[in-house]
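The structure under discussion appears below in the form of structure tokens.
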Amino acid sequence: MATLRNQLKVFLVVAPQFEDVAKDCFKDLGITVSSGHRFLGGLIGTREYCRNFMKQKVEYWTECVTKVSKAAIRAPQAAFSTMTKSLQCEWEFVQRVVPDCAETFVPLQHAITEQFFPSLLGGVVAVEEKRLFQLPTSLAGLGIYDPTETAVHAYKTSKQGTATVSEAIKGLIAFQHEQHLESLTTARKMRTKAKEDDFILKFESIIPSFSPDRQRALRRSLKGKTSTWLNVLPLQNYHFDLSPLQFRDGLDIRYLRDPPCLPPRCDGCGTALTLQHALDCKMGGLVIQRHNEIRDCIGDIASQVWTHVIKEPVVREADVNNADDGLRLDLGIRGEGYGNLRWRHYLMSKLLTLMLLPIALVHLKPSWSLELKRRRGSMSRL
């Protein structure tokens, strides 16, 4: 047989009671006889063999999480991408092909909650925050799921999706590719719908444990779909890579946590400095810095399309007797206007940036959406 040309690659998996008999029968062929072995990314063998194999894999993954947690201290964004885009996918695949393995993932779950989360955020993480972080990013989480929970449903979904192939191998039915794709798609849709419903219930059960301000911030993140930046790879060519301080500040603002390294007092008004005060205070300069960053970002993007981009163009010169009477806008872009193509290159579109942070307390009443409409109306009258 062609498969016996390299006996070192031939394995015979038998029940434990037939292992000695099989070794005696195939001893001259050099075939390895055992009660279990890896096969196509999964396992074939007894429950004891599968359990021991999974323990070894979980120990390896736990060690990897520990190393990634140490790296997260200095490079949190890279560690977060490694966890969500690579490492987490490894055990999710194995869970789809190995049954009854949820209990073996308890040490891994402990490493994620007790080591990775504190290292990622650079401080102490509360119990309710750990539960929240294990939700999808679209539901105000971090998309790092509890492996003990994903293992319960992963194998069941995989088995339902491949039922057509299994029955065809057993000779019960004739294999049909269209039927297999249909059963696979149906199993995926059912599991996706069940996961969404389960995550929504968990979100609603977790959020009452937070303060009203943090509840408002979390619901705003859910309603506004402001989680895309967490799913972006930290590519330096596109300026998607954030410094450790920038990434952790983004998480702190997302979850309304006070950053651990805040100065004790605001340098503008002298009030005790908290994250909420930094977002609200107009004397400390942080509001102006955020405004200027948005303006500069829009200007950089516009300069890649149009050649004439001016920062802070003068609309109305200030009066000699009244300096406040002058008017400057944020950006001027020449050639961007609509209308007659003949005159487009001589026209300048002037932009005024409006920065409104929905989670700031100054926009709590009446609501940030009404405040945005009011600001738009005042800008249109300039």
Side-chain angles (χ1 to χ4, degrees), residues 61-88 107-137 139-147 206-207 209-211 213-218 220-221 226-236 239-267 272-281 284-286 289-290 293 357 359-360:
W61 288 323
T62 303
E63 183 180 356
C64 291
V65 170
T66 301
K67 294 180 179 179
V68 173
S69 301
K70 295 179 180 179
I73 298 175
R74 295 190 175 183
Q77 187 184 22
F80 176 76
S81 297
T82 300
M83 177 67 73
T84 57
K85 305 294 185 183
S86 177
L87 191 57
Q88 183 174 237
L108 179 61
Q109 166 64 8
H110 184 269
I112 293 174
T113 56
E114 302 302 325
Q115 298 181 28
F116 183 73
F117 286 156
S119 299
L120 185 69
L121 277 81
V124 179
V125 180
V127 177
E128 61 272 12
E129 291 178 325
K130 295 175 183 178
R131 295 174 58 199
L132 180 66
F133 294 162
Q134 295 176 88
L135 296 179
T137 55
L139 289 174
L142 291 179
I144 302 175
Y145 307 113
D146 185 350
I206 295 172
I207 197 169
S209 58
F210 293 95
S211 64
D213 293 338
R214 299 189 69 180
Q215 290 184 34
R216 187 166 60 92
L218 294 174
R220 167 59 192 156
S221 177
T226 59
S227 305
T228 306
W229 66 280
L230 287 171
N231 299 321
V232 175
L233 291 174
L235 301 177
Q236 187 176 8
H239 305 287
F240 291 161
D241 56 324
L242 303 176
S243 67
L245 185 60
Q246 290 173 331
F247 185 77
R248 290 195 174 102
D249 283 349
L251 292 179
D252 290 335
I253 294 176
R254 174 181 173 87
Y255 298 108
L256 215 61
R257 292 167 47 98
D258 287 335
C261 298
L262 276 181
R265 295 286 176 179
C266 176
D267 56 359
L273 185 60
T274 62
L275 175 63
Q276 191 66 70
H277 179 78
L279 297 177
D280 294 343
C281 182
L286 296 179
Q289 290 181 17
R290 293 201 306 271
E293 286 181 0
L357 195 63
I359 63 175

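Just so it is clear, the model here is predicted, and its values are computed rather than measured.
- Counting all heavy atoms, side chain and backbone alike, Leu275 lies closest to Leu262 at N-CD1, 3.7 Å.
- The closest side-chain donor-acceptor pair between Arg254 and Ser227 falls under 3.5 angstrom.
- Side-chain atoms of Glu114 do not come within 3.5 Å of backbone N or O of Ala111 as any donor-acceptor pair.
- Asn231 places none of its side-chain heavy atoms less than 4.5 Å from the side chain of Thr84.
- Proximity of a side-chain donor or acceptor of Ser221 to a complementary backbone N or O of Ala217 within less than 3.5 Å is not detected.
- The main-chain N or O of Ser69 is never found under 3.5 Å from a side-chain atom of Gln115 such that the two would form a donor-acceptor pair.
- A pairwise comparison of heavy atoms in Val125 and Lys130 identifies O-CE, 3.4 Å as the closest pair.
- A salt bridge does not link Glu128 to Arg214: none of the charged nitrogens lies less than 4.0 Å from a carboxylate oxygen.
- For Phe210 against Glu129, the heavy-atom pair with the smallest separation is CE2-CG, 3.8 Å.
- Checked by atom type, the side-chain pair Gln109/Gln134 shows a donor-acceptor distance below 3.5 Å.
- Within the 4.5 Å cutoff, side-chain heavy atoms of His277 are placed close to those of Cys266.
- Here the side chain of Thr113 pairs a donor or acceptor atom with the backbone of His110 at under 3.5 angstrom.
- A donor-acceptor contact shorter than 3.5 Å is absent between the side chain of Gln88 and the backbone of Thr82.
- Side-chain contact between Leu251 and Arg257 is absent, with no heavy atoms from C-beta onward closer than 4.5 Å.
- The main-chain N or O of Ala140 is found under 3.5 Å from a side-chain atom of Tyr255 such that the two form a donor-acceptor pair.
- Looking at Asp258, its side chain never comes within 3.5 Å of a backbone N or O of Thr274 through a donor-acceptor pair.
- Under the 4.5 Å side-chain criterion, counting only non-hydrogen atoms from C-beta, Leu135 is in contact with Ile206.
- Of all heavy-atom pairs between Ile144 and Phe116, the closest is CD1-CE2, 3.3 Å.
- Using bins of under 30°, 30° to 60° and over 60° for the plane-to-plane angle, the ring pair Phe247/Phe80 lands in the tilted bin.
- The shortest heavy-atom contact between Pro234 and Asp241 is O-CB, 3.9 Å.
- Lys85 NZ: more than 12 foreign heavy atoms inside a 6.0 Å radius.
- Side-chain contact between Met83 and Val65: present, with at least one pair of heavy atoms (C-beta onward) separated by less than 4.5 Å.
- At distances below 3.5 Å, at least one donor-acceptor pair connects side-chain atoms of Gln246 with backbone N or O atoms of Ser243.
- Counting heavy atoms from C-beta outward, Asp267 and Leu273 have side chains that stay 4.5 Å or more apart.
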